[in-house]
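Naming convention: chains lettered A, B, ... in sequence-line order (proteins, then strands); numbering from 1 in each chain. Quick caveat: nothing in here was measured; it's all calculated off a predicted structure.
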Protein chains: 2
Amino acid sequence: MNKRIRLKDVAERAGVAVNTASTILNRRPNSWASKETEARVFQAARELDYRPSKTARALRSGRYHTIGLLIQDLTNPFFSTLADELEAAVEERGYDLLVENCRSSLVREKHLLADLEDLEVDGSVLWLSDNEVFRPDLTEMANAKRPVVVLGNGIPDKPIPVDAVLSDFTQGLTDAVDALCQLGHKRFAFVSALAEGQADGQRPRLFQEMLAARGIPASNIDILRTGHTVESACETFANFLKKRPDKRPTALLAMNDLAAIGAMRAAIEAGLTVPADLSVVGVDDVPLCSFLPITLSSIRQRYKKITRAAADLLISRIESADAAALPPRQEIFATVYTPRESVGPAKG
Amino acid sequence: MNKRIRLKDVAERAGVAVNTASTILNRRPNSWASKETEARVFQAARELDYRPSKTARALRSGRYHTIGLLIQDLTNPFFSTLADELEAAVEERGYDLLVENCRSSLVREKHLLADLEDLEVDGSVLWLSDNEVFRPDLTEMANAKRPVVVLGNGIPDKPIPVDAVLSDFTQGLTDAVDALCQLGHKRFAFVSALAEGQADGQRPRLFQEMLAARGIPASNIDILRTGHTVESACETFANFLKKRPDKRPTALLAMNDLAAIGAMRAAIEAGLTVPADLSVVGVDDVPLCSFLPITLSSIRQRYKKITRAAADLLISRIESADAAALPPRQEIFATVYTPRESVGPAKG
DNA sequence: CTGTTAGCGCCTTCAC
DNA sequence: GTGAAGGCGCTAACAG
């Protein structure tokens, strides 16, 4: 059982003092060491396969070289893609990513958020179930000068008290609604996929308003609330089709792609054809959309831009000398309607 | 900026010594403290919202209450589901999960594996790209008495030197092949989805042997090698269909569900109908399979059983007094062929 | 450049 | 039950 190699061992082997070794290995600027001793130290480290203890370093310095990411559901391709991209983005800047997975439980979310305070990370990126519900917590974090970036949809009336990167659905939704109306659709459904206890958010209302502006009365729009899983979306829509055949929509928008896939499946099992009998539009545009047997139209969120912006905002705040001085910043990315096979003209 | 609450603060508030507070809060058995002082300490901790520093604790004790999980690709639903389940399993036992994502890069995999040695975790679960390639590393870990569980497919000839939880594909594959042969299929393709530099593994050979046993000559089987993404599987199969129409299979087995979905898409774009012109079988049975517009037949791995077994093996090794004494253990779970819409009788 | 010293927060031993 | 002391591995400040 060979013991762990410590900085001291490296220093001894190189014939220098520990602090010299420390300054050299950490490439601190004010090192007066000669090129030659530097080389000796690096070589000693390499020969011994020295790996500094992150724990000790963190305890001493209060820096962790890690950022936290809170997400709702790791099994949702949207979030796993997001985590993947963010990891790549922060890694380039020398940070590890620690994923905190709520599993669509509000209780767990509250817990994890509270844990973040003592969680040993330099900063966090949060995709909360509802930014308004957690506004008090965010305000508290802002006051504590904790580096935080919030991700999410929709531009709130009151500005968010911390840095934020948001998707604006008006553009994507407008284009989707325009397309559907031009194709002659008159009766709509919105599938709102929610975790237990989660509120609707802005999208159903936005959807209604946009349709209203195009002459579709609210009575022609059904808002279906389902759980966050594919199964749940499938079941809910299947039930609706069975119980209210009179209200069968010809076009359906879902809160995310998983829900859209579930609803599309329910339609197929009910004997409908997509898109002939029902047009389906999802949200997020997960990579799978373009490869489904019936490709899924979707309103794309700009993953790469979002994660890059989040990484930039967060790390600049972490590394800036006086992060306190920086006011909350906000970046907004438009969404893009991407039509595919699942959308077609209304029958009739 | 309110300072961090330390153990010392709790002790002071409760009017006890730090070591007393430590023994009480950690519920050490040989505490001679009275119920009353215990209560005082707990209350003080609660009032101050005391959160012990994991870093300090880890530095002192060498225990991290964290286990690492190395996976190939977080954006693949198979791995994200695996991570999700494993996280749940280890959390019950008081451990956090740290996900190390290779992003299907062998270079990154080697890197992360090397990092594991100094990565501050109590043990790790590894889903490697190839257990044979990493056998030397595994042997080294075993010698270093590092708690490790390997996950994967196929039962190796030489036993793996560390604990292992494996999926045995013979059962699932046998049933799938039987089903396809009974449906009259004579010409097959296998889509081998691999990261760059990754070797085929046992499955293509197993597939060939099983078909041979049922009278299908190797000349009737094409093995297509594609990258690990859906896109790549789709492209590869599309090219094959275009370039070799003479060798068009009536049944296709893919190395995983993503590849199956990609191949199915290629078939559809080539004007084929699934399953009338082509039957498709995936592997893993990710939750989405049952909700695709054409539901995907798949050979299921037992996620829950696998992750539970891995957690049990790993944690028992971590917590056993003399883990050194335990010989490498191996658990094997059979796979289950799950037919769905994507499989049907051969034409003709 | 060296060597010493101090301390991050916690756990553990030891005498009392 | 107390109080002091040592140390996990590292960083940082100091005088030399």
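- Residues passing the side chain to side chain donor-acceptor pair (under 3.5 Å) test with A:Asp137, sequence neighbours excluded: none.
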>> Could you walk me through whether B:Ser316 and B:Arg329 satisfy the side-chain hydrogen bond (donor to acceptor under 3.5 Å, both in side chains) test, starting with their C-alpha distance in whole Å, then the side-chain angles of each, then the deciding distance to 0.1 Å, before giving a yes or no?
In response: CA-CA 11 Å; B:Ser316 71; B:Arg329 293 161 294 175; 3.3 Å; yes
Would you mind writing out the side-chain donor-acceptor pairs for residues 70-78 of chain B within the sub-3.5 Å range, not counting sequence neighbours?
unit_1	atom_1	unit_2	atom_2	d
B:Gln72	NE2	B:Glu109	OE2	3.0
B:Gln72	NE2	B:Trp127	O	3.0
B:Asp73	OD1	B:Thr75	N	3.0
B:Asp73	OD1	B:Thr75	OG1	2.9
B:Asp73	OD2	B:Thr75	OG1	3.3
B:Asn76	OD1	B:Phe78	N	2.8

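- In this structure, the OH atom of A:Tyr64 is 18 Å from the P atom of D:dG9, given to the nearest Å.
- B:Arg108 places a side-chain N or O within donor-acceptor distance of the main-chain N or O of B:Asn101, the cut-off being under 3.5 Å.
- With rounding to whole Å, B:Lys8 atom NZ is found 12 Å from C:dG7 atom C1'.
- When heavy atoms are screened at a 4.0 angstrom cut-off, B:Thr37 is found touching the sugar-phosphate backbone but no base atom.
- Atom CG in A:Leu7 sits roughly 14 Å away from atom P in C:dG3 (whole-Å rounding).
- Among A:Glu85, A:Glu331, A:Glu92, the single residue meeting the salt bridge (charged side-chain N to carboxylate O under 4.0 Å, His left out) criterion with A:Arg308 is A:Glu92.
- In this structure, A:Asp9 places its CG atom 9 Å from P of D:dG9, rounding to the nearest Å.
- A sub-4.0 Å separation between OP1 or OP2 of D:dT11 and a side-chain N or O of A:Arg57 is present.
- Within the 4.0 Å cut-off from OP1 or OP2 of C:dG9, not a single side-chain nitrogen or oxygen of B:Tyr50 is found.
- Remark: A:Arg103 engages B:Glu87 in a salt bridge, criterion side-chain N to carboxylate O under 4.0 Å.
- Nucleotide D:dA12 holds its C1' atom 16 Å from the CD1 atom of A:Ile24, rounded to whole Å.
- For the pair A:Ser22 and D:dT11, the criterion of a side-chain N or O lying under 4.0 Å from OP1 or OP2 is met.
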>> Does the protein touch nucleotides 2-8 of chain D at the base, only the backbone, or not at all? Give it as B, S and - per nucleotide, heavy atoms under 4.0 Å.
In response: BBB-BBB
